[in-house]
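All remarks here apply to the structure that follows.
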Amino acid sequence: MGRRPKDYMKNKIKRPKMKTILHAPKGMPDILPEGNVLRRKIFKLVEEMSNFYSFGQIETPILEETKLFMHGSGPTSDIVKKQMFTLKTPGGDSLSLRPEFTPNIARAYLENGMYNWPKPVKLFSWGPVFRYEQPQRGRYRQFWQCNFEILGSSDPIYDVLTIQIFYNLLTELKIKNLLIEINTIGCDNCRPIWHKNLKTYFHSKQKSLCPDCKNRLKTNPLRILDCKNESCQSLKEGAPKMIDYLCSECRNHFKQVLEYLETIGLPYNINHNLVRGLDYYTKTVFEIRKADDNIALCGGGRYDYLIEMLGGKPTPAVGGAAGVERLVEIIEKNQKSETSFKPKVFLIAIGDLAKQKSLKYLEDLRRVKINTAESFAHESLKAQLRQADKFEVPYVIIIGQKESIDNTVILRDMKASTQEIINGEKLVEELKKRFKNDNINII
Ligand code: HAM
């Protein structure tokens, strides 16, 4: 490199510097490599399940017209009332970050003419959704959902298939002690009478309701049953139950759902207060949680009017979504060790020639899927060995000037604290042999 001109410092560009380090927005944590290991495992399982049950993957935009959610998620849902991230585009349109997948999928179903596809249309999605909530355990402002929808059938078997898919997913993730909570919230024929009676009932208790529920009494009394506020819990006990108001179609539907659940041996509990927080639900609603924890791992239900409300022909549908962060938290609690990102070897290169050679070795190792860490940017052997120690790898490969010229490498066994010079061409075979002897799974 040539020498810098003398007046170099004088002409140096002054870059504006932040005084403090910025933070990610509240409730929107970074997902670091270690955290992504488990998420990718979950996604792999979701993908396998979606293939098995023949669901096609659908990607919809993260931003949609705000009115889609106003109509879809519903004007009385907390999501629309308090939790949307909404922005105005430079062109003056109002767009919102998706707070869930269901309205987007209903919109895409109509827009892409999926009503002409063989029915039912089965779709799954995986991605981030956004809700302006107070962050706490299992509650974020950006979180990921894995979402399954079945559109175009009113058959109760699909309600149960949806529940079964989520139950299987959680079971395969080795989450134990699961409980399915289920309820029916009827249809447009029978629900209004229940509504009326709920309203009358809670009207008599108005004074004791929390401020939110006082409002809910005016907009959607059903939502009072969903209130988590301590002061409202005892008031719900004597509330009218939807099950006592069901029309014969809804009664039959619910009966069949329960029969199917019993046939396949899924443990369920009828929770008369389970109404779910979105306006589009009809008939079956469900949530799955651990029996000893009241945080829902997934939830869903039937939504037979949504497509019609968005301008389509009557199209019954059912679906559900699981919160990926909540799954991760539970699995991590159960199986801490399985979640770490663990390379199997650490590659140390000292000097330019060694660095060149090590890129070739890195590719050899990639081909046989031996996860490899390195710290090429560190020059000293000591610093690189310190890094290798941090990764707790069983083997370290060291390449110095001499090894680069000889086409050899030093293979260091970290546990035994021994090392050996081996031919570079034989490195991969030697490592595979050692992993086999040590009983170490490569991936
Ligand atoms: P949801 O119950 O609002 O339903 O959300 C589904 C799941 O997302 C919840 O069970 C929970 O695991 C997770 N979740 C919800 N809010 C948060 C949050 N703030 N932080 C972390 N995880 C959260 C729906 O979204 C419906 N679209 C499901 C559906 C699909 N219904 C029919 N089809």
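Along the sequence shown, residues are numbered consecutively beginning with 1. Side chains included, hydrogens not; waters and symmetry mates left out as well; all remaining heavy atoms used. Both ligands and their constituent atoms are indexed starting at 1 by order of listing.
The single protein non-hydrogen atom nearest to atom 27 (N) of ligand 1 is E100 OE1, 2.5 Å, given as residue, atom name and distance. Protein heavy atom nearest atom 7 (C) of ligand 1, with residue, atom name and distance: A321 O, 3.6 Å. Among protein heavy atoms, the minimum distance from atom 20 (N) of ligand 1 is reached at Y140 N, 2.9 Å. Atom 13 (C) of ligand 1 has G323 CA, 3.5 Å as its closest protein atom, hydrogens excluded (heavy atom only). The nearest protein atom to atom 19 (N) of ligand 1, hydrogens excluded, is given as E133 OE2, 2.6 Å; this is a heavy-atom distance. Atom 21 (C) of ligand 1 has as its closest protein heavy atom G138 O, 3.2 Å. Looking at atom 10 (O) of ligand 1, its nearest protein heavy atom turns out to be C298 CA, 3.3 Å. Looking at atom 11 (C) of ligand 1, its nearest protein heavy atom turns out to be R326 NH1, 3.4 Å.
Below 3.5 Å of separation, one finds an N or O of G320 facing an N or O of ligand 1. Looking at ligand 1, you'll find an N or O of E149 within less than 3.5 Å of one of its N or O atoms.
Between I224 atom CD1 and K236 atom NZ the span is 9.5 Å, to the nearest 0.5 Å. Rounded to the nearest 0.5 angstrom, R191 CZ and I193 CD1 are separated by 12.5 Å.
Which parts of ligand 1 touch Y280 is read off a 4.0 Å heavy-atom cut-off, strictly below it: atoms 26 (C), 27 (N), 31 (N). Against a heavy-atom cut-off of under 4.0 Å, L297 is close to the following atoms of ligand 1: 10 (O), 12 (O). Interface of N147 with ligand 1, defined as ligand atoms under 4.0 Å from a residue heavy atom, comprises 30 (C). Less than 4.0 angstrom separates some heavy atom of A296 from each of these atoms of ligand 1: 10 (O), 11 (C), 12 (O). Proximity to G300 (heavy-atom distance under 4.0 Å) selects the following atoms of ligand 1: 31 (N).
Under the salt bridge (Lys or Arg N to Asp or Glu O under 4.0 Å) criterion, the residue pairs touching residues 249-268 are E249-K283, K255-E259, with sequence neighbours excluded.
Using cut-offs of 30° and 60° for the angle between ring planes, the F130 and F85 rings count as perpendicular.
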Working for side chain to side chain donor-acceptor pair (under 3.5 Å), residues E374 and S358: CA-CA 10 Å; E374 47 67 34; S358 62; over 6 Å; no
Check against side chain to side chain contact (heavy atoms under 4.5 Å, CB included), F286 and Y268: CA-CA 10 Å; F286 72 92; Y268 70 85; over 6 Å; no
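Residue-ligand proximity: T162 is placed with every non-hydrogen atom at 4.0 Å or more from ligand 1.
Looking at heavy atoms from C-beta onward, D188 lies in side-chain contact with Y305 at the 4.5 angstrom threshold. Residues M414 and R412 are in side-chain contact: their nearest non-hydrogen atoms beyond the backbone lie under 4.5 Å apart. With contacts defined as side-chain heavy-atom distances shorter than 4.5 Å, the pair L411/R434 qualifies.
The option with the heavy atom closest to atom 24 (C) of ligand 1, from among V285, V318, I288, L278, is L278. Remark: among candidates R131, E329, R276, the nearest residue to atom 3 (O) of ligand 1 is R131, based on non-hydrogen atoms. Nearest to atom 5 (O) of ligand 1 by heavy-atom distance, out of R137, Q145, Q142, is Q145. Of the listed options Y281, F143, F130, Y281 places a heavy atom closest to atom 29 (C) of ligand 1.
Checked for salt-bridge contact, E64 and R107 meet the test: a charged N lies under 4.0 Å from a carboxylate O.
With a 6.0 Å radius and a threshold of 12 heavy atoms from other residues, nucleotides or ligands, K67 has its NZ atom at or below the threshold.
Taking the six-membered ring wherever Trp is involved, the centroid distance between the rings of F124 and F55 does not fall below 6.0 Å.
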